[in-house]
Colleague: 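One structure coming up, written as structure tokens, with questions to follow.
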Amino acid sequence: MSVAYWLFKSEPSVFSFADLMAAPDRRTSWDGVRNHQARNFLRDQIQVGDGILFYHSNADPPAIVGVARVTRAGHPDPTAFNPDDPHFDPKSDPARPTWYQVEIEGIVAIAPPLELPRLRKETRLEGMELLRKGSRLSVQPVSPEHFEVIMNLAGLDRHRLGLTG
DNA sequence: GCCAACGTTGGC
DNA sequence: GCCAACGTTGGC
């Protein structure tokens with residue numbers, strides 16, 4: 001089984017990596033994504049066992065703060081059908097769901113966090129989507145090479161984390 | 001708080 | 001289908 005890698009952005013004031021680690025089974029449904037490109041990854045590509053870099057956006061400083069794994073592949077996001085939910089989408093039809101979510105499980109915090117300015121200095125990360133000017137994609141693929149560089153910077157071993165390709 | 005970059009909406 | 005207006009993201 002081959003493992004792919006992803007980066008998920010979250011604003012820590014909304015849902016932080018600490019929130020994930022404090023959740024039951026350290027798991028959460030990654031719901032509320034309302035961008036079609038990100039949705040396509042959630043629906044079509046992200047598989048159980050894939051590795052995730054957890055990134056804090058709108059933080060000071062922005063940083064990669066933890067590692068997680070995928071525990072359930074893409075399935076319809078129920079918040080899209082709930083009129084009381086802030087992510088409700090009246091145009092989404094339960095018979096043909098527009099929006100999808102995956103379930104993820106926190107593995108380990110990255111301490112100290114890998115701050116954005118540090119990442120920008122790392123020439124081996126050139127071309128990484130996160131570092132592209134104007135990049136706003138909240139669910140984005142990470143190449144195995146870039147994932148490995150980040151694991152090294154974090155002092156982590158992806159094999160020991162069960163993220164074995 | 002500012003604003004560049006980007007996505008979405010809606011008139012035409 | 002074009003594109004101006006508008007809203008959001010997210011670094012700084």
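The model shown is predicted, which means the values in this text are computed figures rather than measured ones. Reminder, nothing fancy here: chain letters follow the sequence lines and each chain counts from 1.
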Colleague: Just checking, is any N or O donor in the side chain of A:Ser57 or A:Glu11 under 3.5 Å from an acceptor N or O on the other one?
Modeller: no

Colleague: Side chain to side chain contact (heavy atoms under 4.5 Å, CB included) between A:Val67 and A:Ile52: does it pass, once the steps are laid out?
Modeller: CA-CA 6 Å; A:Val67 183; A:Ile52 297 165; over 6 Å; no

Colleague: Going by atom types only, do A:Thr98 and A:Arg43 share a side-chain donor-acceptor pair under 3.5 Å?
Modeller: no

Colleague: Using distance alone, with no hydrogens and no angle criterion, decide if A:Ser29 and A:Asp31 have a side-chain donor and acceptor under 3.5 Å apart.
Modeller: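 No.
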
Colleague: Is there a side-chain contact between A:Gln101 and A:Pro78 (heavy atoms, below 4.5 Å)?
Modeller: yes

Colleague: Assess whether a salt bridge exists between A:Arg26 and A:Asp19, defined as any Lys/Arg side-chain N lying under 4.0 Å from an Asp/Glu carboxylate O.
Modeller: no

Colleague: Hey, what are the protein-to-nucleotides 1-4 of chain C N/O distances that come in under 3.5 Å?
Modeller:
none

Colleague: For the residue pair A:Glu129 / A:Ser135, report whether a side-chain donor-acceptor contact shorter than 3.5 Å exists.
Modeller: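 Yes, a side-chain donor-acceptor pair sits under 3.5 Å.
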
Colleague: Report yes if a side-chain nitrogen or oxygen of A:Arg132 is closer than 4.0 Å to either non-bridging phosphate oxygen (OP1 or OP2) of C:dT9; otherwise report no.
Modeller: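 Looking at the OP1 and OP2 atoms of C:dT9, neither is under 4.0 Å from any side-chain N or O of A:Arg132.
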
Colleague: Is the phosphate of B:dT9 approached by A:Lys91 (side-chain N or O, under 4.0 Å from OP1 or OP2)?
Modeller: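 A:Lys91 to B:dT9 OP1/OP2: side-chain N or O found under 4.0 Å.
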
Colleague: Can you tell me which residue pairs pass the ring-ring contact (aromatic ring centres under 6.0 Å, His included) test with a partner in residues 15-46 of chain A, sequence neighbours excluded?
Modeller: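 Non-adjacent pairs meeting ring-ring contact (aromatic ring centres under 6.0 Å, His included): A:Trp6-A:Phe41, A:Phe8-A:Trp30, A:Phe17-A:Phe54, A:Trp30-A:Phe54, A:His36-A:Trp99.
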
Colleague: Within the sub-3.5 Å range, which N or O atoms of nucleotides 10-12 of chain C have a protein N or O partner, and how far apart are they?
Modeller:
unit_1, atom_1, unit_2, atom_2, d
C:dG10, OP1, A:Lys9, NZ, 3.0
C:dG10, OP1, A:Arg136, O, 2.8
C:dG11, OP1, A:Tyr55, OH, 2.6
C:dG11, OP2, A:Asn58, N, 3.0

Colleague: To the nearest Å, give me how far apart NE2 (A:His36) and C1' (B:dC6) are.
Modeller: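 Computing the A:His36:NE2 to B:dC6:C1' distance gives 14 Å.
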
